[in-house]
S.K.: 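Quick one: this structure, given as structure tokens, is what I'll be asking you about.
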Amino acid sequence: MCNEIDRCDIEKLDKTFSGLKLHSGRKWPKPETLTSIKDLIRDGCQALNAEEIVKVPTFDLFEGTHSLEINNVKLDSYLIRLSDNEINFSCFIPYDKTSNPDCDQEDFQYVVAIVDRLVRFIITWVTDYQSLPTTVLSCRYVEYMLKQIADVHGIDSDYKFLNTNNGYFDKVLNSSVLGICYFGAFVKKLLKGGGIFEEEDLNFNSMGLDGFDMMPPTRTVLMLLSEGINFIQGDNSISEIDSQRLQYLLKLIRCLAMFDTYLSLYSEDSIPLDEALELVKNLNDLPKCNYTPPIGSFSMLIQKQLSNQFPPKELSTAAEDFSGFIKLIQDLKKVISVYQVSSPHELMQFATFFNKNEQRHVLARALFPLIVIKDDSSVLGKWSFAEALQSHLQFFSLSGTNAERALDTEPFRSLMDPIAQEALNVLFEWYQNSSQNTARYRQGYNRQLLLWDSVQAQFEGIELKFDGSEEDSVEGPPGYGSIPLMPFSSWAFIMKTRAMIEFTLKGFDLDIYKPFEAFQMFWFTFFLAEQLEACLQKVDTFLQNKLNAIHAINKRMKKLKAGEKKERLREHYRTEMAVSYPSIHKNKAWLRYISTHNNIIKSLCLFETFQFGLLKSYGFIDNTASAKNKFVNEKLIHDLRFKPFSSIGVPELPSYNVFQEALEGFVISEPMMKAKQEKVLSFMDQQLSSATSDIKSILINIEIGDFNSDILTGTRLIKEDAVLYYSTLQKTIDALSLNNKTSLSIFKKGASTDQLQVSLKCESGLSGYFPLMVLNSKMHKTDRK
Amino acid sequence: MAIIYKQLDINNIRYFDRLKELIDADLSEPYSIYVYRYFLNQWPQLAYLAFVDENPESLPIGCIICKNEIHRNSRMRGYIGMLAVQKEFRGQGIAKKLVEKAIDTMIGNGCDEIMLETEVENLAALNLYEGMGFIRMKRMFRYYLNEGDAFKLILPITERSSIRSTFLMNQDPIAETQDISKLIV
């Protein structure tokens, strides 16, 4: 250790220790009464075997794996080497060449440099995923400010902590650093909200500084920043460009400080965001700042001196310019636009698309669930939790049913309440999951599968016993008789099946599956889409029957002679036409959207399974692991892959053998191979045409909007994202078609299966859910986006 | 060159130091002494070393470090914690042999599955493990200190591997997905 630690440090320590005094009143044993245990310990250690560890029996060695290690340069922050300038840096003096011979810049130049770097460090921290201590917290002024904030907590303070008798430091820098700390506190609140994960989404290692939890009121921060701006405006001695830069920076910090209102006040006001966007553009238009901060003002010192539970890390490089703020601001704007939703299906669609095409900024993802599911037990402040759940149910399957009316009666209500609470929790989990990072998003669906399955089973238990359920039914196919609608469990089933489909296809996007697994995953998704289609059709038939019943009133009315009875029927008809008819029509239009979307998924999955079948027919791929090793067991591998679905009640997971048999149905062989191939190709084309037609239909209806349209897309507030999603699917269809033609030409040439293999290719700009099965050289590595 | 494979002799401190050196040389993740002690002291029989000869003075040129234990009271899970082969000796199948030996021992210990994590960009590791029947179960966002994503890979050994822990023992399904260790292979 002595080799590593500075000798002077040890001397300092020795000096400190020698200065320590025992309490005068304490009796200390006389040296002659003490026994040295040094030899005892040394002998004991020598007698230890290498495998033995001295520890209390209750200590779990696993706990130790999180420890750092003294004298290990990779893990011991005490070994960080600092320059004298870093060690001796002072926040109590102004840095200015006119008053300090060691300085080579003017005071304002130093302040510009510090604030400019700090603001760019914010981007590095929250946008480029770097840690807090290697960015913002590496600034000595930030560390100092946070300590001061903690010290004055609860005491009346003016929060003017830099007292150097220099206006640029005491007013401009002081307020800038305070504003940045305030923004840091906002980020901490977002992180604590639980929507994102510490470390993988955002680092908030505050090095034990409590100041982030003890911030002054917003108005104090804004007032000090305004004072700082006034000070700059009042100084005519600095150049126009420096004055402008500093003012832009302070105004940007003022906007950042106001972001807190999106959480603390649930503000819907986008003005601070618009202003911030303008300021970022202004800052980017200025020439790059060439001033340098005072030497030692940004340092690893904090990692060495404060409570550090992480390995030492070099300071990050600050972002080149301010562009990183643009995504943050635009994504926050998108998130707060969710307040404009007017119905649950619009909210669902907002959640579905806002983080779908690309991962939104981490702070926007963190804010989304916190404003949707608010602390005041409301959804967006618009609906109570119970109202929100009921609206969701009504939009899918509950509307116009006996079950809906029975919700106001006992014992149905009391029986339903606890399950509804569970259903609400899963629904909220669905909302939270929509803003997760791309990998967590899939895991979230994995977790939801069991929860939706449980909710569905519980709903079923109650609905089957419900007296009025026989009227909530539809006529099944010939021979099936009447099929119960069971609106509650049908809703849970729809949510569950959609979750299963999303979980499965997202695996392609995350590069989870190997090419040999492609058939089983696409065929299974196709199977799920069919199950979902059947349920949607059932609900749609029920709604159509309701519409027919309303029309029938009119016919009945026409047959009646004028009189009281006819008038009563006429009134009933009017009410039904005014209230029920539009509502049912709307529900049908929403179901039509869900069905159309599902048809696209179904068609593309079917295309992919046929594609696999063709490739297998020519011997380029098989559904078995390419590995030939004693540990490989095909069935176990298959079963492990389908483990998330193994316990789902409905739809029941097909057995391993069913998957094998299904694949055989997609493989063609002689005789009449060519004719069979033509038939397959024609069928594949039909799938792509059908998907294209469905996409077109959805895109038209997104454009038209939801007013009086046949397909209710609910995408009014998330139009751009929804259009991009479906347009990307269309581009993918084009690419799938082209790739299939390429494969066919390779088949025609009689290419050798020894030389070519199939890889799953996800090209940029195409949907990762439907990769291309590309034939390429066996040496070619999988090309991922 | 005939490579000799041996189980770790935990009392040989030279081997212990050499293992650290081998692992530290290549992996971005810094491991403390406690991480090594955690594995090697509790599962020394699951650490294999590769030598170029039988000379007792020789130091290992490759190693694998593993553990196995009951996972969520439901199944015996083997775990490959670290694997490294000295640069000059790569491409000779040493890593594969080390993995096979470790897996054989873990199977002998009654493991239902073998698990590990590896960097998404580490194609060599992915090829090695997927060539032995491991499949990618999930992706983990920015999992490592170098900010790279990771895949969690599992090799199923028995049918218990494909049953959710919840149904092997009555347990909270949410806990299953929060199972994270930060070791690299």
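Letters A, B, ... are given to chains in the order of the sequence lines, protein chains preceding strands, and every chain is numbered from 1.
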S.K.: Pick from B:E159, B:M137, B:Q42, B:E113: which one has the most heavy-atom pairs with chain A under 4.5 Å?
M.R.: B:M137

S.K.: What part of B:F141 gets within 4.5 angstrom of chain A, counting heavy atoms only: side chain, backbone, both, or neither?
M.R.: both

S.K.: Side chain, backbone, both or neither: which part of B:D24 has a non-hydrogen atom closer than 4.5 Å to chain A?
M.R.: both

S.K.: Counting only heavy atoms from other residues, nucleotides and ligands, does the tally under 6.0 Å from CD of A:E52 exceed 12?
M.R.: yes

S.K.: For A:S67, is it the side chain, the backbone, both, or neither that has a heavy atom closer than 4.5 Å to a heavy atom of chain B?
M.R.: both

S.K.: Which heavy atom of B:C63 sits nearest a heavy atom of B:L49, and at what distance?
M.R.: CB-CD2, 3.9 Å

S.K.: What residue, out of B:I135, B:I114, B:I13, has the most heavy-atom pairs lying under 4.5 Å from chain A?
M.R.: B:I135

S.K.: Counting heavy-atom pairs under 4.5 Å with chain A, which one of B:V120, B:L153, B:D104 comes out on top?
M.R.: B:D104

S.K.: Given the options A:I637, A:N72, A:V632, which has more heavy-atom pairs under 4.5 Å with chain B than any of the others?
M.R.: A:I637

S.K.: Heavy-atom distances under 4.5 Å only: say whether B:E100 touches chain A with side chain, backbone, both or neither.
M.R.: both

S.K.: Do the ring centers of B:W43 and B:Y79 come within less than 6.0 Å of each other?
M.R.: no

S.K.: Who among B:I107, B:L155, B:I103, B:N12 has the most heavy-atom pairs with chain A under 4.5 Å?
M.R.: B:I103

S.K.: Measuring heavy-atom distances to chain B, does A:N437 have an atom under 4.5 Å in its side chain, in its backbone, in both, or in neither?
M.R.: side chain

S.K.: Do B:R136 and A:Y513 form a cation-pi contact, if we require the NZ or CZ to be under 6.0 Å from the six-membered ring centre and within 45 degrees of the ring's axis?
M.R.: no

S.K.: Sub-3.5 Å donor-acceptor pair from the side chain of A:R365 to the main-chain atoms of A:S435, do we have one?
M.R.: yes

S.K.: So does A:A319 get a backbone contact from the side chain of A:T124, meaning a donor-acceptor N/O pair under 3.5 Å?
M.R.: yes

S.K.: Validate the cation-pi geometry between B:K6 and B:F51: distance from NZ or CZ to the six-membered ring centre under 6.0 Å, angle to the ring axis within 45°.
M.R.: yes

S.K.: Check each atom of B:E147 against the heavy atoms of chain A and say whether the ones under 4.5 Å are side chain, backbone, both or neither.
M.R.: side chain

S.K.: So for B:L40, is it side chain, backbone, both, or neither that comes closer than 4.5 Å to the heavy atoms of chain A?
M.R.: neither

S.K.: What residue, out of A:Q130, A:E634, A:K635, A:K313, has the most heavy-atom pairs lying under 4.5 Å from chain B?
M.R.: A:Q130

S.K.: Which atoms of A:L48 come close to chain B, meaning under 4.5 Å heavy atom to heavy atom: side chain ones, backbone ones, both, or neither?
M.R.: neither

S.K.: Please report the C-alpha distance between A:W452 and A:Y445 in whole Å, then the side-chain angles of each, then the deciding distance to 0.1 Å, and finally whether the ring pair (Phe, Tyr, Trp, His ring centres under 6.0 Å) criterion is met.
M.R.: CA-CA 10 Å; A:W452 284 121; A:Y445 276 114; 9.7 Å; no

S.K.: Under 6.0 Å between the ring centres of B:Y5 and B:Y48?
M.R.: no

S.K.: Tell me the closest heavy-atom pair linking A:P133 and A:N203, and the distance in Å.
M.R.: CD-OD1, 3.8 Å

S.K.: Name the option with the most non-hydrogen atom pairs under 4.5 Å to chain B; the candidates are A:E517, A:Q359, A:K628.
M.R.: A:Q359

